[in-house]
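Working notes, beginning with the structure itself.
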There are 2 protein chains.
Amino acid sequence: MARIRTATTEAADDSGEAPAAVGRLDLGPLPNFVGYLLRRAQLLVFDDFISTMSSVGLRPASFSVLAVIGANPGSSQSAVSEVLGLQRTNLVAIIDSLEQGGFARRKAAKTDRRSHALYLTAEGKRLLSKALTLQAEHERRVLGRLSDDETQSLLRILTKLVDG
Amino acid sequence: MARIRTATTEAADDSGEAPAAVGRLDLGPLPNFVGYLLRRAQLLVFDDFISTMSSVGLRPASFSVLAVIGANPGSSQSAVSEVLGLQRTNLVAIIDSLEQGGFARRKAAKTDRRSHALYLTAEGKRLLSKALTLQAEHERRVLGRLSDDETQSLLRILTKLVDG
DNA sequence: TATTGTTATACTCTATAACTATA
DNA sequence: TATAGTTATAGAGTATAACAATA
């Protein structure tokens with residue numbers, strides 16, 4: 001079941017003036033590189049995700065922030081930005097828009113008056129629930145070409161790669 | 001060997017004022033989502049790739065353009081941008097910098113005076129060769145946590161996902 | 001002194017409109 | 001009319017510096 005890949009880095013002809021290439025170009029060694037494949041896969045999946053979530057006004061970042069606040073009510077902006085790998089400075093506008101949409105609230109933190117405790121509103125919880133339904137449909141659509149075994153393997157190996 | 005994931009979308013406590021979260025936050029359902037994992041993996045791999053290639057002055061896009069011109073001498077800017085999924089408008093500056101660095105040349109195309117035929121210079125070929133060596137080291141480093149079987153599976157499944 | 005949230009800012013990547021010269 | 005290359009521009013995403021309030 002092994003796929004044979006032909007290495008085409010060394011093109012047959014590149015002497016002096018050489019010929020113009022015809023038809024679809026050769027990607028050379030790129031399709032063998034994990035970085036190239038990850039970029040292509042991420043673009044493919046994000047395109048579907050973005051158009052899916054546009055119906056509820058969420059972007060990838062605001063979706064992940066909504067999910068993290070939902071899972072950790074009362075957490076601070078610093079904690080949310082840290083766990084998601086965002087700069088805390090760039091989280092400000094995301095929380096602003098969630099708050100302006102009526103989906104999240106900044107409350108005064110109990111023990112530290114510098115800090116904001118983040119919560120979802122009832123509307124925010126409904127939005128998260130709806131978004132998770134859309135996410136499941138998106139995932140089914142995007143992973144449709146893969147068998148169940150392949151899907152499980154992909155998630156497991158990516159997790160191993162990332163958690164390292 | 002299956003990994004059990006606990007779904008934590010529904011947090012135990014979010015009544016009214018609720019408690020502040022302590023310690024590292026819960027990512028909720030995000031670690032189960034292919035889009036989230038692909039984003040994390042791509043950031044991880046690109047971070048290493050970018051710092052690796054900075055020693056030869058290449059970015060991900062200019063590396064891929066260099067590789068495609070190397071595999072398809074004489075091809076046009078439109079053809080290169082199409083196969084890489086770049087806007088042809090955004091390719092201009094990339095070719096500019098490769099040309100100014102002495103790594104690529106725009107020559108007059110034989111049959112169409114609107115078109116530029118792209119070639120690597122001798123220095124460009126040396127750069128590509130060096131970059132491919134660095135790429136191999138990068139890949140070994142980044143995929144180090146995975147077994148050979150896992151690496152092969154990852155590349156195969158990503159290819160299937162992307163080529164679909 | 002250090003940390004939380006914030007503003008301002010800058011840089012990269014990506015996307016669109018419009019131009020020119022050719023076809 | 002359509003296409004190849006180009007310019008200008010605008011929008012995301014991401015990064016750093018600096019500030020006020022608080023610890």
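Chain A is the first sequence line, chain B the second, and so forth, proteins listed ahead of strands; every chain is numbered from 1.
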When B:Arg114 and A:Gln87 are each assigned the nearest nucleotide of DNA chain D, the 5'-most assignment goes to B:Arg114
note: A:His116, atom NE2; D:dA20, atom C1'; distance rounded to Å ~ 12 Å
From CD1 of B:Ile50 across to P of D:dA15 the rounded distance in Å is 10 Å
Is atom CZ of B:Arg106 surrounded by more than 12 heavy atoms (other residues, nucleotides or ligands) closer than 6.0 Å? yes
Close side-chain approach of A:Phe63 to A:Val56, heavy-atom, < 4.5 Å: no
Separation of D:dT7 atom C1' from B:Gln77 atom CD, nearest Å, is 13 Å
To the nearest angstrom, the CD1-C1' distance between A:Ile94 and C:dT6 comes to 14 Å
The nucleotide from C:dT14, D:dT14, D:dT6 with an atom nearest the side chain of A:Asn90 is D:dT14
*Full working for side-chain hydrogen bond (donor to acceptor under 3.5 Å, both in side chains) between B:Arg59 and B:Ser54*: CA-CA 7 Å; B:Arg59 304 277 309 172; B:Ser54 71; over 6 Å; no
Whole-Å distance, A:Arg59 CZ to D:dT14 C1', equals 14 Å
Exercise. Describe, in one word, how the ring planes of B:Phe49 and B:His138 are oriented to each other, choosing from parallel (under 30°), tilted (30 to 60°) and perpendicular (over 60°).
Key: perpendicular
Taken to the nearest whole Å, CZ/B:Arg40 to P/D:dT14 is 11 Å
Rounded to whole Å, the CD-C1' distance (B:Glu99 to D:dG5) equals 13 Å
From CG of A:Leu86 across to P of D:dG13 the rounded distance in Å is 10 Å
Residue pair A:Ala61/A:Thr111 against DNA chain D: nearer the 5' end by closest nucleotide is A:Ala61
Note to self: Less than 4.0 angstrom between a side-chain N/O of A:Arg106 and OP1 or OP2 of C:dT6, yes or no?
What the structure shows: yes
Among the nucleotides D:dA4, C:dA2, C:dT6, whichever has the atom closest to the side chain of B:Arg88 is D:dA4
Among D:dT7, C:dT6, C:dT3, the one nearest any side-chain atom of A:Val92 is C:dT6
The nucleotide from C:dG5, D:dT6, C:dT12 with an atom nearest the side chain of B:Thr89 is D:dT6
*Using a cut-off of strictly less than 4.0 Å, decide whether A:Ser115 has a side-chain nitrogen or oxygen near OP1 or OP2 of C:dG5.*
yes
D:dG5 OP1/OP2 closer than 4.0 Å to side-chain N/O of B:Ser78: yes
Between A:Asp96 and B:Pro60, whichever has its closest DNA chain C nucleotide further toward 5' is A:Asp96
Per atom distances to the A:Asp112 side chain, the nearest of D:dT22, C:dT6, D:dT6 is D:dT22
**Minimum side-chain heavy-atom gap B:Met53-B:Leu134 below 4.5 Å** = yes
Side-chain donor/acceptor contact of B:Arg113 with base of C:dT22 under 3.5 Å: no
